[in-house]
K.L.:
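For reference, the structure I am asking about is given below.
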Amino acid sequence: MRDPAIVARELLGKLVVRFLSRRVSCMIVETEAYYGPEDPASRARRGGDLAKVMAGDVGVALIFGVHGNWLLNVVAHEPDNVGAILIRACEPIEGIKVMIKNRGVNDVKSLTNGPGKLSRALAIDKRFHGLPLYTREHGLWIEYFKDVGNDEIVRSYRVGVSKDLPVKLRFYIKGNPYVSKK
DNA sequence: CGCCAGATTGACT
DNA sequence: GTCAATCTGGCGG
């Protein structure tokens, strides 16, 4: 695979699909890249199961809970390296009613504009930890949706991280109303 | 085994 | 603006 920052850029505009009673999906509009132990904000730093999955097969889900929320990551890194992409926000496409039901709110714009919200809307939890996202067998996968031009993408520093690297590792689609707010 | 911190959210003062 | 909920791994006793 490739560098997490490259993959983070390429994930924008892709579709996260969750099969519940029917297709429920949303388009990725915001991502962040995380590296291995050299990244002070990375969970791989702490070792344990998270680090193993992050260093393992690419294209699998890495689920991890913080402050009572589940965060969805996709493992991606160069050979013999460690890294993952955090899916921070997405735009509801299919099955919006299901997401509203899962989230318990009526406002579509605040349905999936944050990592924890997104996970709840798509009923994602620890069960998906370590499962591949390139097959449909587990009811959660990523597929092509549309191309996003370079002029539509903005880079910035990561959000919510106490110790960030001096590199812009957050990518989001310019002007998209579903990008998480600061 | 208890306590702490962290890639968050939302309810309450 | 403040604060607690909820989960995992590191660290100290």
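Residue numbers begin at 1 in each chain, while the letters A, B, ... track the order of the sequences. Remember, it's a predicted structure, so these values are computed and weren't measured experimentally.
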K.L.:
Applying a 3.5 angstrom cut-off to the pairing atoms, does DNA chain B sit in any stems of at least three consecutive Watson-Crick or G-U pairs? List them by first number.
P.N.:
B:1-6 with C:7-12, B:8-12 with C:1-5

K.L.:
Can you name the side chain to side chain contact (heavy atoms under 4.5 Å, CB included) partners of A:Asp151, sequence neighbours left out?
P.N.:
none

K.L.:
Which heavy atom in A:Met54 sits nearest to a heavy atom in A:Leu62, and how many Å separate them?
P.N.:
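Taking every non-hydrogen atom into account, CG-CD1, 3.5 Å.
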
K.L.:
Identify the two heavy atoms, one from A:Thr112 and one from A:Ala121, that lie closest to each other, and give their separation to 0.1 Å.
P.N.:
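Taking every non-hydrogen atom into account, CG2-CB, 3.7 Å.
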
K.L.:
For DNA chain B, what residues of residues 89-115 of chain A have any heavy atom nearer than 4.0 Å?
P.N.:
A:Arg103, A:Gly114, A:Pro115

K.L.:
Among residues at least two apart in sequence or on other chains, which ones pass side chain to side chain contact (heavy atoms under 4.5 Å, CB included) with A:Lys168?
P.N.:
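Here the qualifying residues are A:Arg155, A:Tyr157.
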
K.L.:
According to side chain to side chain contact (heavy atoms under 4.5 Å, CB included), who are the partners of A:Ala41, at least two apart in sequence or on a separate chain?
P.N.:
A:Tyr34, A:Asp39, A:Arg158, A:Val161

K.L.:
So, A:Arg170 and A:Glu30, do they make that salt bridge, N to O below 4.0 Å?
P.N.:
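Salt bridge present between A:Arg170 and A:Glu30.
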
K.L.:
For DNA chain B, which nucleotides open and close the run of contacts to chain A, 5' to 3', at under 4.0 angstrom from a non-hydrogen atom?
P.N.:
B:dA5 to B:dG10

K.L.:
Quick check on side-chain contact (heavy atoms from CB on, under 4.5 Å): which of A:Asn69, A:Val16, A:Leu72 does A:Leu118 satisfy it with?
P.N.:
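Testing A:Leu118 for a side-chain contact (heavy atoms from CB on, under 4.5 Å) against A:Asn69, A:Val16, A:Leu72 leaves exactly one candidate, A:Leu72.
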
K.L.:
For atom P, what is the distance between B:dT13 and C:dA5, given to the nearest Å?
P.N.:
14 Å

K.L.:
If we count only N and O atoms by modelled type, under 3.5 Å, do the side chains of A:Asn113 and A:Lys109 hold a donor and an acceptor together?
P.N.:
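No - no donor-acceptor pair under 3.5 Å links their side chains.
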
K.L.:
With sequence neighbours excluded, what pairs up with A:Glu94 under the side-chain hydrogen bond (donor to acceptor under 3.5 Å, both in side chains) test?
P.N.:
A:Arg23, A:Ser25

K.L.:
Excluding sequence neighbours, so at least two apart, what forms side-chain hydrogen bond (donor to acceptor under 3.5 Å, both in side chains) with A:Asn81?
P.N.:
none

K.L.:
Among all residues two or more places apart in sequence or in another chain, which pass the side-chain hydrogen bond (donor to acceptor under 3.5 Å, both in side chains) test with A:Asp107?
P.N.:
A:Ser110

K.L.:
At a heavy-atom distance below 4.0 Å, what parts of residues 28-38 of chain A sit against DNA chain C?
P.N.:
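Correct list: empty, so none.
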
K.L.:
Under a 4.0 Å N-O cut-off, is there an ion pair linking A:Arg45 with A:Glu38?
P.N.:
no

K.L.:
Taking the side chain as C-beta and beyond, is there a heavy-atom pair between A:Val74 and A:Ile142 under 4.5 Å?
P.N.:
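Side chain of A:Val74 against side chain of A:Ile142, heavy atoms only: contact under 4.5 Å found.
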
K.L.:
With rounding to whole Å, what would you report as the distance between C:dG1 and B:dA7 at their C1' atoms?
P.N.:
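It comes out at 23 Å once rounded to the nearest Å.
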
K.L.:
In the 5'-to-3' direction, what one-character label does each nucleotide of nucleotides 7-13 of chain C receive under the scheme B = base within less than 4.0 Å of a protein heavy atom, S = sugar-phosphate only, - = no such atom?
P.N.:
B-SS---

K.L.:
Can you list every pair that meets side chain to side chain donor-acceptor pair (under 3.5 Å) and has a residue in residues 121-134 of chain A, with sequence neighbours left out?
P.N.:
A:Asp49-A:His129, A:Asp125-A:Arg127

K.L.:
How about A:Leu71 and A:Leu86: do any of their side-chain heavy atoms sit closer than 4.5 Å?
P.N.:
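Yes. Closest side-chain heavy atoms under 4.5 Å.
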
